[in-house]
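Beneath this line is the structure, given in structure tokens, with notes to follow.
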Number of protein chains: 2
Amino acid sequence: MTTSPRPAAPPLTERQEARRRRILHTAAQLASRGGFEAVQMREVAELAGVALGTLYRYFPSKVHLLVATMQDQLQIFQEQTRKHPVEGEDPGARVADTLMRTFRGLQREPQLAEAMVRALTFADRSVSAEVDQVSRITGQLILDAMGLTEPPTREQLAAVRVIEHTWHSALVTWLSGRASIAQVRIDLETACKLLTL
Amino acid sequence: MTTSPRPAAPPLTERQEARRRRILHTAAQLASRGGFEAVQMREVAELAGVALGTLYRYFPSKVHLLVATMQDQLQIFQEQTRKHPVEGEDPGARVADTLMRTFRGLQREPQLAEAMVRALTFADRSVSAEVDQVSRITGQLILDAMGLTEPPTREQLAAVRVIEHTWHSALVTWLSGRASIAQVRIDLETACKLLTL
DNA sequence: CGCCACGCTGGAACGTGTTCTAGATTACCC
DNA sequence: GGGTAATCTAGAACACGTTCCAGCGTGGCG
């Protein structure tokens with residue numbers, strides 16, 4: 001799996017980078033207000049000061065745009081977590097705590113979270129590279145929290161996958177109002193038991 | 001949590017029941033061909049022989065329609081599984097096998113699966129009752145496979161939740177082409193280890 | 001400096017989910 | 001059977017994601 005389908009992104013000029021950031025920022029702002037449906041492409045374009053066609057040149061669909069927003073946010077969380085890792089003896093507990101911390105970060109802007117997660121799960125194959133990237137960051141977040149001194153075992157990697165599934169699905173469940181935060185915590189803790197088998 | 005938001009569904013006449021089934025059947029058929037995007041409300045209405053407004057009276061949105069389709073399909077799987085439960089000693093293995101069997105059932109109509117699962121994860125709060133129903137059926141499927149002789153313990157229920165999360169998220173991952181069937185099986189087996197702790 | 005290729009702009013246009021309306025049909029009650 | 005309220009029909013209309021196009025800037029190259 002090389003980077004073949006994406007044509008090796010030509011480097012952006014400064015103005016282009018600025019436009020890209022303006023678009024992402026606008027999208028996040030609109031999403032924070034009204035969630036997925038409040039992110040309307042025409043409005044994003046207008047508020048970001050670009051033409052609709054340009055917006056689509058940068059992000060080929062609304063889903064691409066919101067998944068890119070998620071990448072952005074996750075990376076911020078990741079940096080914060082690396083600067084201030086959670087304390088604790090048990091790796092499982094550290095992972096659960098780290099994810100719960102991220103969770104509370106999302107909770108602070110629930111509408112934004114809704115928009116990003118809806119996009120993430122609604123994404124079809126044309127977005128799979130970007131979604132994969134998000135998945136990779138999440139996995140890395142978990143691995144970081146485990147604080148390994150040696151490469152992870154096969155069993156640990158399998159456990160990480162299940163934790164990631166649980167994290168993702170629990171998020172969806174919470175966003176649709178079908179589970180409480182407390183329930184999410186319990187689910188994550190349950191999944192994290194797999195780390196210390 | 002009573003059934004208050006849904007006004008206690010007035011019983012349908014025979015003609016109405018037939019219409020409902022015709023709509024569901026048409027939706028499944030279109031989905032089987034071209035997935036989520038091939039289920040177009042106008043076309044469903046036309047092929048099912050009802051007016052567009054009527055379609056919307058029965059299913060208030062495309063997502064509702066497809067989630068109802070999923071309910072339908074899952075119930076069929078559930079009945080089949082109850083008639084022919086999987087063999088085996090280990091409860092964890094039985095659960096994993098049961099879910100993999102259901103998985104292969106979905107695999108037989110991948111486009112239909114795509115449509116139903118996309119709808120399920122895209123559903124917002126207005127569909128949460130229906131999504132919850134799907135979740136309940138899935139949970140029951142797992143509990144059935146465990147073959148309990150006494151009520152499940154708290155730990156078992158927690159494990160079932162994580163297995164359900166894993167099932168759901170693995171399905172999404174497979175549908176978007178980011179995981180193979182083999183990987184899905186591994187993930188499910190990993191999650192099922194939680195049952196025999 | 002002149003020219004070219006490329007990116008950007010404004011805006012029209014299209015497709016599909018969803019809503020609305022006016023009138024026909026049906027189901028139910030007396 | 002007649003009256004009435006609910007349901008169904010056909011079709012227009014609207015909203016928003018997406019595509020497309022013609023022309024304008026702009027930055028780099030001879």
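First the proteins, then the strands, lettered A, B, ... as listed; each starts at 1.
The CZ-C1' distance, from B:R19 to C:dT25, rounds to 10 Å in whole Å. Put simply, CZ on A:R20 is 16 Å from P on C:dG7, counting in whole angstrom units. Between the CZ atom of A:R42 and the P atom of C:dA12 there is a distance of 11 Å, given to the nearest Å. If you measure from atom CG of A:L55 to atom P of D:dT19, you get 11 Å, rounded to the nearest angstrom. One atom, CG of A:L52, and another, C1' of C:dA12, lie 11 Å apart when rounded to the nearest Å. Rounded to whole Å, the distance from CE on A:M41 to P on D:dT18 is 6 Å. Distance CD (A:E14) to C1' (D:dT26): 16 Å, rounded to an integer number of Å. In this structure, the CD atom of B:E37 is 11 Å from the P atom of D:dT18, given to the nearest Å.
Within a 6.0 Å sphere centred on CZ of A:R108, heavy atoms belonging to other residues, nucleotides or ligands number 12 at most.
Checking the phosphate oxygens (OP1, OP2) of C:dC8, a side-chain nitrogen or oxygen of A:Q16 falls inside 4.0 Å. Between B:Y58 and the phosphate of D:dT7, there is no side-chain N or O to OP1/OP2 separation shorter than 4.0 Å. Between A:R57 and C:dG7 there is a side-chain polar atom (N or O) within less than 4.0 angstrom of OP1 or OP2.
A heavy-atom distance below 4.5 Å is found between the side chains of B:H165 and A:T173. With a 4.5 Å cut-off on side-chain heavy atoms, B:L65 and B:L24 count as touching. Residues A:W174 and A:Q107 are in side-chain contact: their nearest non-hydrogen atoms beyond the backbone lie under 4.5 Å apart.
Sequence order on DNA chain D of the closest nucleotides to B:V50 and A:Y56 puts B:V50 first from the 5' end. The nearest heavy atom of DNA chain D to A:S61 and to B:G49 marks one nucleotide each, and the one closer to the 5' end goes with B:G49.
Note on B:F59: nothing from the nucleic acid sits closer than 4.0 angstrom, heavy atoms only. Note on A:V39: only backbone sugar-phosphate atoms sit closer than 4.0 angstrom, heavy atoms only; bases stay farther off. Nucleic acid contact for B:R15: sugar-phosphate only, since backbone atoms but no base atoms lie under 4.0 Å from a heavy atom of the residue.
One distance of note links CZ of B:R94 with SG of B:C192; it measures 11.0 Å at 0.5 Å rounding.
With C:dG17, C:dT19, C:dC28 as the candidates, the nucleotide lying closest to the side chain of B:T13 is C:dC28.
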